[in-house]
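What you see below is based on every heavy atom in this structure, not just the backbone, and it leaves out hydrogens, waters and symmetry mates. Both counts, for ligands and for their atoms, begin at 1 and track the order of listing. In this chain, numbering begins with 1 at the start of the sequence shown.
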Amino acid sequence: RAIVRDLTGVAEQNPALPPGRVPIQEVDPTVFETRFLRKIKDLGEGHFGKVELCQYDPRGDGRGQLVAVKSLKPESRGQLWREIDTMRELYHHNIVKYRGVCSEEGGRTIRLIMEYLPAGSLKDYLPWRKHQTDLKRLLHYALQICQGMDYLGSQRFIHRDLAARNVLVENESTVKIGDFGLTKSMKEDKSYYTVKEETDSPVFWYAPECLVDCKFYPASDVWSFGVTLYELLTYCETSSSPTTVFLEMLHPTQGQMNITRLVEVLMAGRRLPCPPHCPDAVYSLMRRCWESSPENRIQFKDLITELELLLD
Ligand code: ADP
Ligand code: MG
């Protein structure tokens with residue numbers, strides 16, 4: 001009798017279902033078909049791939065959902081399946097949601113489908129919102145990034161590419177971490193380091209152990225978070241970006257940035273400066289993320305506590 005009552009409940013909540021029939025999931029909602037995916041515009045391009053806004057419109061009535069679709073550059077494509085498996089496992093308020101995959105050419109190429117965040121990355125968003133964004137809001141963003149990162153760490157993942165360009169804005173009070181799991185194994189990342197001219201060369205977000213030994217620890221993500229916090233406090237302005245400031249410190253020769261020089265500068269204890277109007281308490285948090293040896297760095301859990309104290 002209880003079962004019958006439950007089924008009646010289901011039918012009542014879903015008036016479209018014929019009475020007496022249990023809903024059966026016949027279609028895998030994470031499988032997207034190419035023919036229903038219509039490109040609307042480009043959203044962005046990064047080191048590994050490009051992201052497009054598409055409408056998924058299987059009914060063909062122009063009312064399908066908007067999704068962000070990521071495809072990888074040919075040389076990185078082999079990685080995408082493993083990365084999709086990673087993203088599938090993650091579920092957190094401050095992590096971009098996985099929606100599914102779309103495979104083409106009989107599975108030879110694959111695209112990652114995720115939720116669409118109209119405001120784009122913090123880098124796209126913050127420079128234009130300087131006047132609407134006070135310190136409290138910036139620290140709230142920082143707190144949310146730490147919460148997402150703490151969760152990621154609890155699932156035994158290391159992001160390896162935490163930066164404002166990879167944090168997406170849901171609305172003025174919520175941000176989400178994206179573009180994780182896309183980093184390649186460190187051996188392949190050799191070429192990654194030599195991409196020097198790029199304005200967003202991730203080397204400036206890397207801790208010394210990553211630059212010297214190509215080793216990534218959870219604490220290496222903390223270092224990158226420190227750089228991301230610096231970006232927040234400078235409103236992601238290009239003129240004071242980590243890349244701009246480090247390049248000034250390094251005096252690159254022949255237009256080439258030298259990783260060895262960067263390591264020297266970091267080992268000598270030099271760090272990004274305190275951004276204008278940044279309170280000492282916030283800058284000292286950055287500095288605790290930038291301790292030379294990973295074991296001396298603050299952890300995400302403590303960053304959460306400290307940021308909550310500052311926000312009180
Ligand atoms: P890459 O691995 O190539 O760096 P990202 O995942 O970082 O690719 O995406 C590149 C850019 O595309 C981001 O910096 C952001 O501007 C935009 N973007 C990525 N994902 C989304 C999304 N879900 N919604 C809106 N914009 C996005
Ligand atoms: Mg990116």
Exercise. Any sub-3.5 Å donor-acceptor pair from Thr174's side-chain atoms to Glu170's backbone N or O?
Worked result: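 No; judged by distance alone, with no hydrogens or angles, the pair does not exist.
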Exercise. Side chain, backbone, both or neither: which part of Asp124 comes within less than 4.0 Å of ligand 1 when only heavy atoms are counted?
Worked result: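 It is the side chain that gets close, since no backbone atom is under 4.0 Å.
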Exercise. Which bit of Lys123 is near ligand 1, meaning a heavy atom under 4.0 Å away: side chain, backbone, both or neither?
Worked result: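 Near ligand 1, Lys123 shows nothing, with every heavy atom at 4.0 Å or more.
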What atoms in ligand 1 come closer than 4.0 Å to a heavy atom of [X]?
X      : value
Tyr116 : 24 (N), 25 (C)
Glu115 : 22 (C), 23 (N)
Lys70  : 1 (P), 2 (O), 5 (P), 6 (O), 8 (O)

Exercise. Would Asn166 count as a contact for the Mg ion (ligand 2), in the sense that one of its N, O or S atoms lies under 2.8 Å from it?
Worked result: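 An N, O or S atom of Asn166 is closer than 2.8 Å to the Mg ion (ligand 2), so yes.
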Problem set entry | N/O/S atom of Asp161 inside 2.8 Å of the Mg ion (ligand 2), strictly under |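 Looking at Asp161, which is the residue asked about, there is no N, O or S atom under 2.8 Å from the Mg ion (ligand 2).
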Exercise. Checking side-chain hydrogen bond (donor to acceptor under 3.5 Å, both in side chains) for the pair Thr305/Asp302: CA distance, chi angles, key distance, verdict?
Worked result: CA-CA 5 Å; Thr305 312; Asp302 306 316; 5.0 Å; no
Problem set entry | Within-4.5 Å side-chain heavy-atom neighbours: Arg111 and Glu52 |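 With C-beta onward as the side chain, the pair touches.
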Exercise. Using 30° and 60° as the class limits, which term best fits the ring planes of Trp290 and Tyr230: parallel, tilted or perpendicular?
Worked result: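 Tilted: the ring planes of Trp290 and Tyr230 meet at 30° to 60°.
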Problem set entry | Tyr206/Phe216 under ring-ring contact (aromatic ring centres under 6.0 Å, His included): CA gap, chis, key distance, verdict | CA-CA 9 Å; Tyr206 281 173; Phe216 274 89; 5.1 Å; yes
For this session: Give the name of the N/O/S atom in Asp179 that lies closest to the Mg ion (ligand 2).
Result: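 This residue's closest N, O or S atom turns out to be OD2.
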For this session: Consider only side-chain N and O atoms of Asp221 and Ser224, and report whether a donor and an acceptor are under 3.5 Å apart.
Result: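 No, Ser224 and Asp221 have no side-chain donor paired with an acceptor closer than 3.5 Å.
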For this session: Compare Leu168, Leu117, Val51 and give the one whose heavy atom is closest to atom 15 (C) of ligand 1.
Result: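 Going through Leu168, Leu117, Val51 one by one, Leu168 has the nearest heavy atom to atom 15 (C) of ligand 1.
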Problem set entry | Closest contact, heavy atoms only, Thr228 versus Ala164 |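 Smallest heavy-atom distance, with atoms named: CG2-N, 3.8 Å.
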Exercise. If we only count N/O pairs under 3.5 Å, is Asp179 in contact with ligand 1?
Worked result: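 Between Asp179 and ligand 1, an N or O pair is found under 3.5 Å apart.
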